[in-house]
Protein chains: 2
Amino acid sequence: MEEIDRAIVAALTGDGRLSYTDLAERVGLSVSAVHQRVRRLEQRGVIKGYAARVSFEALDLPLTAFVAIRPFDPSQPDDAPERLAHLPEIDSCYSVAGEDFYLLLVRVAGPADLERVLQEIRTSANVTTRTTVVLSTPYENRPPKISGELTGRGRPRPSAEPAGSTA
Amino acid sequence: MEEIDRAIVAALTGDGRLSYTDLAERVGLSVSAVHQRVRRLEQRGVIKGYAARVSFEALDLPLTAFVAIRPFDPSQPDDAPERLAHLPEIDSCYSVAGEDFYLLLVRVAGPADLERVLQEIRTSANVTTRTTVVLSTPYENRPPKISGELTGRGRPRPSAEPAGSTA
DNA sequence: TTTGAAATACCCTCACT
DNA sequence: AGTGAGGGTATTTCAAA
């Protein structure tokens, strides 16, 4: 049962535009059943959405860099993610353990743009930056290995519980 | 002209399953014209594919970490990306400037799995590792700001050239 | 949950502009 | 490049098991 959901999710991470007809063939179920399962996976948040994968080079964003930041004044409230969210050059923002507070993934057109974005990061969030330039990307955003329970969006439940028992 | 392509790519990065009918309405063109433009964007490599965005928590991969690696013996041939590609826990691999050689993005179920993967990384590629655990992810894989030329997959061409002139 | 069928909507090609 | 129309296919809902 769960195995079918996993197969569906695996197939859709590889090709998000697979038709229900194709999916049905792959998992050995009727089109209607697959359709309903996909809808439930979307509702449960297992599938959060669909996106076209684009070439950043083609979009004229050939320079990628990691920017580690830490506050200039650690006593101030730490709201760097919100303060930086308006910068479209920031692809991702991770809160990290270790010496730095956040790790940002930045994509820009070239060194001049990187310099500008670093200045904007520093002034917007009152932080210092330490930047690591990406020279090439052997692979990125690979589809994950899918195994386990595919629960709502937390971890697998330890045991089955009778439907509707919240008492 | 180019503006329409940018609008199409922007829409598709937001929702990769948009129908050509919806796309046509958004960009103010006929369904056929939009269809042809999307096909050309795919052929030129601007759109590399489509994927479902999934919840890593729901897939029982709640722990993310960055693993910086450098070779134990720098004189040996550096083929770490290929040597590590078989590990499904590695989401991305970046070749970086700076003290480290590569930066890996790893997703696992928990600390025990992280330990195992780190050992596999070290033995598979003969490298040392320095790991930064991700505590939370304020945002990730945001759609890029789209502007510019949308060229094949490199930078904008300086000028047009006659079709089919490779001589 | 699954199935099959029926209606709607979409995909995709083609001829013309 | 863009349009509109056509046949073919996919999506979506529904009754039934």
Side-chain angles (χ1 to χ4, degrees), chain A residues 1-53 58 146 148-152 156-157 159-165, chain B residues 1-54 58 146 148-153 156-157 159-165:
Chain A
M1 288 295 187
E2 295 297 330
E3 192 166 349
I4 296 179
D5 279 343
R6 282 192 267 121
I8 291 173
V9 172
L12 252 22
T13 54
D15 182 357
R17 281 204 140 177
L18 274 178
S19 70
Y20 295 115
T21 309
D22 284 346
L23 271 178
E25 283 183 18
R26 296 194 187 199
V27 305
L29 237 60
S30 71
V31 174
S32 305
V34 168
H35 187 248
Q36 188 170 327
R37 277 171 179 267
V38 171
R39 286 189 68 86
R40 286 191 56 180
L41 287 166
E42 291 169 350
Q43 283 178 202
R44 285 197 287 160
V46 178
I47 295 174
K48 293 193 292 184
Y50 303 87
R53 298 186 302 107
I146 297 183
E149 294 273 339
L150 265 56
T151 171
R157 289 161 299 187
S159 67
E161 60 182 2
S165 72
Chain B
M1 288 295 188
E2 295 297 330
E3 192 167 348
I4 294 179
D5 279 343
R6 285 192 264 122
I8 289 173
V9 172
L12 252 21
T13 54
D15 181 357
R17 282 204 139 177
L18 273 178
S19 70
Y20 295 114
T21 309
D22 283 345
L23 270 179
E25 283 183 19
R26 295 193 187 201
V27 305
L29 267 158
S30 70
V31 175
S32 307
V34 168
H35 188 248
Q36 187 173 324
R37 277 170 178 267
V38 171
R39 286 189 68 87
R40 286 191 56 181
L41 287 167
E42 290 169 351
Q43 281 178 203
R44 285 196 288 160
V46 178
I47 294 175
K48 294 193 295 185
Y50 302 87
R53 298 186 301 106
V54 297
I146 300 190
E149 294 274 340
L150 265 54
T151 170
R153 65 179 168 283
R157 289 162 298 188
S159 67
E161 63 182 2
S165 71

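Letters A, B, ... mirror the listed sequences (proteins, then strands); counts begin at 1. All values reported here derive from a predicted model rather than from experimental measurement. Because only heavy atoms are used, hydrogens play no part in the values below, and waters and symmetry mates are left out as well, while side chains stay in.
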Atom-to-atom span, CG of A/D22 to P of D/dA10 - whole angstrom
7 Å
Could you state the CD-C1' distance from A/E25 to D/dT9, rounded to the nearest angstrom?
13 Å
Using a cut-off of 4.0 Å on non-hydrogen atoms, how would the nucleic acid contact of A/V31 be classed: base, sugar-phosphate, or nothing?
base
Respond yes when some side-chain nitrogen or oxygen of A/H35 is under 4.0 Å from OP1 or OP2 of D/dT12, and no when none is.
yes
Any donor-acceptor pair, under 3.5 Å, between the side chain of A/S32 and the base of C/dG4, if you only look at N and O atoms?
yes
If you look at every heavy atom in B/L12 and B/L18, which pair is closest and at what distance?
CD1-CB, 4.0 Å
Rounded distance in Å - CZ (B/R39) to P (C/dC10)
19 Å
State whether B/R37 places a side-chain N or O below 4.0 Å from either non-bridging phosphate oxygen (OP1 or OP2) of D/dG2.
yes
Is the phosphate of D/dT11, meaning OP1 or OP2, less than 4.0 Å from a side-chain N or O of B/R17?
no
Base, sugar-phosphate, or nothing for A/R40, non-hydrogen atoms under 4.0 angstrom?
sugar-phosphate
Grab the OH-P distance between B/Y20 and D/dT11 for me, whole Å please.
13 Å
Side chains of A/V27 and A/R37: closer than 4.5 Å at any heavy-atom pair?
no
Is a donor on one side and an acceptor on the other found under 3.5 Å between the side chain of A/R26 and the backbone of A/A7?
no
Whole-Å distance separating the CG atom of B/L18 from the C1' atom of C/dA9:
15 Å
For A/T21 and D/dT11, is the shortest distance between a side-chain N/O and OP1 or OP2 below 4.0 Å?
yes
If I take atom CD in residue B/Q36 and atom P in nucleotide C/dC16, what distance separates them, rounded to the nearest angstrom?
17 Å
Closest to the side chain of A/S30, out of C/dT2, D/dG2, D/dT11, is C/dT2
Rounded to the nearest 0.5 Å, what separation is found between the CD atom of B/Q36 and the CG atom of B/L41?
11.0 Å
